[in-house]
Engineer: 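My questions will all concern the structure given below.
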Protein chains: 2
Amino acid sequence: MTEFRRDCQTHFVHDDIIRKVRETIPAEEDLYVVADFFKMFGDATRLKILQALAISEMCVCDLSELLHISQSAMSHQLKTLRQVNLVKFRKEGKVVFYSLKDEHVNQIIETGIQHVTERE
Amino acid sequence: MTEFRRDCQTHFVHDDIIRKVRETIPAEEDLYVVADFFKMFGDATRLKILQALAISEMCVCDLSELLHISQSAMSHQLKTLRQVNLVKFRKEGKVVFYSLKDEHVNQIIETGIQHVTERE
DNA sequence: TTAATATATGAACATATGCTCATATATAGG
DNA sequence: CCTATATATGAGCATATGTTCATATATTAA
């Protein structure tokens with residue numbers, strides 16, 4: 001039928017299952033945005049940044065000191081975190097303080113840690 | 001001090017904050033594992049796979065039919081999902097049925113969708 | 001055994017990602 | 001204005017990632 005896939009032949013595609021799933025699955029349009037959101041948690045450096053900010057607001061310099069990465073790399077990471085609305089900032093003179101903009105962060109990371117430690 | 005970063009000079013590094021965060025932040029060793037776990041949610045294709053499996057167990061062929069991707073690509077993706085313990089499978093003749101191995105999946109994806117839809 | 005089918009897997013390849021390096025911008029002080 | 005400092009940003013680069021293509025493996029049937 002489809003040009004993509006349609007050769008589970010003898011077995012015959014489980015149309016009932018596919019239909020059910022198609023009806024239930026959420027809108028595809030936003031999935032790329034959701035994926036981009038989760039990408040933020042898919043990097044150890046950003047995970048540490050988020051964990052740090054969950055404890056206290058911090059300036060860029062302190063963050064790079066804390067994680068032992070360059071100021072430039074830190075600024076780049078903070079930029080990507082800003083783009084997905086995970087962090088906000090305030091300026092105090094030359095210093096820029098970042099903090100979490102989303103209360104879900106801790107919950108999400110905790111679930112991830114839980115998953116990883118649960119299993120063998 | 002450190003060779004990495006130590007030039008927030010006039011401002012002077014907020015040692016108290018850094019110390020507090022260092023004490024509170026979770027073990028770094030597992031962070032890469034946690035990051036790899038979240039990487040799974042950072043791809044739209046895998047998100048869809050996980051959402052589908054959250055509704056019903058499905059065989060490889062049905063999954064590739066559903067998501068319009070090749071059988072090979074699907075097998076590769078399922079392999080990575082297996083490696084982080086997100087899915088399990090059972091064989092029934094030639095057909096392999098995959099299903100979720102972790103109850104957190106729905107909760108995590110829901111939180112992500114919530115974050116994305118919450119903001120402007 | 002041979003043929004057919006469902007799935008798995010390795011290699012190659014194009015794109016995405018995260019860092020560095022150099023430099024730009026912003027703010028404060030002299 | 002000039003200098004110093006904190007942060008931001010663009011370009012380049014090396015590595016990671018996701019797909020395709022070809023082929024291997026497993027299972028069933030004839």
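Proteins get letters first, then strands, A, B, ... in listed order; numbering begins at 1 in each.
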Engineer: When you measure from the side chain of B:K88 to the backbone of B:L100, do you find a donor-acceptor pair of N or O atoms at a distance under 3.5 Å?
Structural biologist: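 Such a contact is found between B:K88 side chain and B:L100 backbone.
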Engineer: Please work out which of the three classes, parallel, tilted or perpendicular, describes the rings of B:Y98 and B:F89, given edges at 30° and 60°.
Structural biologist: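 Ring orientation, 0 to 90° scale: tilted.
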Engineer: When the distance from CD of A:Q83 to C1' of C:dG18 is rounded to whole Å, what number comes out?
Structural biologist: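 Taking atom C1' of C:dG18 as the reference, CD of A:Q83 is at 14 Å.
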Engineer: Take atom CZ of A:F89 and atom C1' of C:dT25, then tell me their distance rounded to the nearest Å.
Structural biologist: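 Interatomic distance, CZ of A:F89 to C1' of C:dT25: 13 Å.
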Engineer: For the pair made of NZ in B:K94 and C1' in D:dT27, what is the distance, rounded to whole Å?
Structural biologist: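 These atoms are roughly 6 Å apart.
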Engineer: Taking only the side-chain nitrogens and oxygens of A:R46, find out if one of them lies under 4.0 Å from OP1 or OP2 of C:dG18.
Structural biologist: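 Looking at the OP1 and OP2 atoms of C:dG18, one of them is under 4.0 Å from a side-chain N or O of A:R46.
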Engineer: So A:F41 and A:F37, would you call those rings parallel, tilted or perpendicular, with 30° and 60° as cut-offs?
Structural biologist: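 Judged by the thresholds at 30° and 60°, the geometry between A:F41 and A:F37 is perpendicular.
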Engineer: Picking from D:dA6, C:dT27, D:dT27, which would you name as closest to the side chain of B:K91?
Structural biologist: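 Within the option list, the nearest is D:dT27.
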Engineer: Say whether, by atom type as modelled, one donor and one acceptor occur between the side chain of B:H115 and the main chain of A:L86 under 3.5 angstrom.
Structural biologist: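 No: the side chain of B:H115 does not pair with the backbone of A:L86.
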Engineer: Identify whether any heavy atom of B:T45 sits under 4.0 Å from a base atom; if not, whether one sits that close to sugar-phosphate; answer base, sugar-phosphate or nothing.
Structural biologist: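 Since only primed, P, OP1 and OP2 atoms lie under 4.0 Å of B:T45, the category is sugar-phosphate.
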Engineer: Got a donor-acceptor pair under 3.5 Å from the side chain of A:S72 to the base of C:dC21?
Structural biologist: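 Check passes, donor-acceptor contact within cut-off.
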Engineer: Please tell me which of the listed nucleotides, D:dA8, D:dG18, C:dT7, lies nearest to the side chain of B:Q77?
Structural biologist: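 From the listed options, D:dG18 comes nearest.
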Engineer: C:dT27 C1' sits how many Å from A:E92 CD, rounded?
Structural biologist: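 My rounded result for the distance is 13 Å.
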Engineer: Rounded to whole angstroms, how far apart are CE on B:M74 and C1' on D:dC21?
Structural biologist: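 The distance from CE of B:M74 to C1' of D:dC21 comes to 18 Å, rounded to the nearest Å.
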Engineer: Expressed as a whole number of angstroms, how long is the span from B:L63:CG to C:dA6:P?
Structural biologist: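 Checked: the CG to P distance equals 14 Å.
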Engineer: Quick check on DNA chain C: between B:Y98 and A:H76, whose nearest nucleotide comes earlier from the 5' end?
Structural biologist: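 Its nearest nucleotide being more 5', the pick is B:Y98.
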Engineer: I need the CD-P distance between A:Q71 and C:dT20, as an integer number of Å.
Structural biologist: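 Rounded to the whole Å, the gap is 11 Å.
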Engineer: Between B:M40 (CE) and D:dA16 (C1'), how many Å, whole number?
Structural biologist: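 Spelled out: CE on B:M40 to C1' on D:dA16 is 12 Å.
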Engineer: Would you indicate, yes or no, if D:dT9 has its OP1 or OP2 atom less than 4.0 angstrom from a side-chain nitrogen or oxygen of A:S75?
Structural biologist: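 Result: no.
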Engineer: Determine whether a donor-acceptor pair (N or O, by modelled atom type, separation under 3.5 Å) exists between the side chain of A:S75 and the backbone of A:S72.
Structural biologist: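 Checked: no pair found.
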Engineer: Let me know, please, whether A:G42 or B:K79 comes out on the 5' side of the other along DNA chain C by nearest nucleotide.
Structural biologist: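 The 5'-side residue here is B:K79.
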Engineer: At under 4.0 Å, does any side-chain N or O of A:R82 touch on OP1 or OP2 of D:dT7?
Structural biologist: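 No, because none of the side-chain N or O atoms of A:R82 sits under 4.0 Å from OP1 or OP2 of D:dT7.
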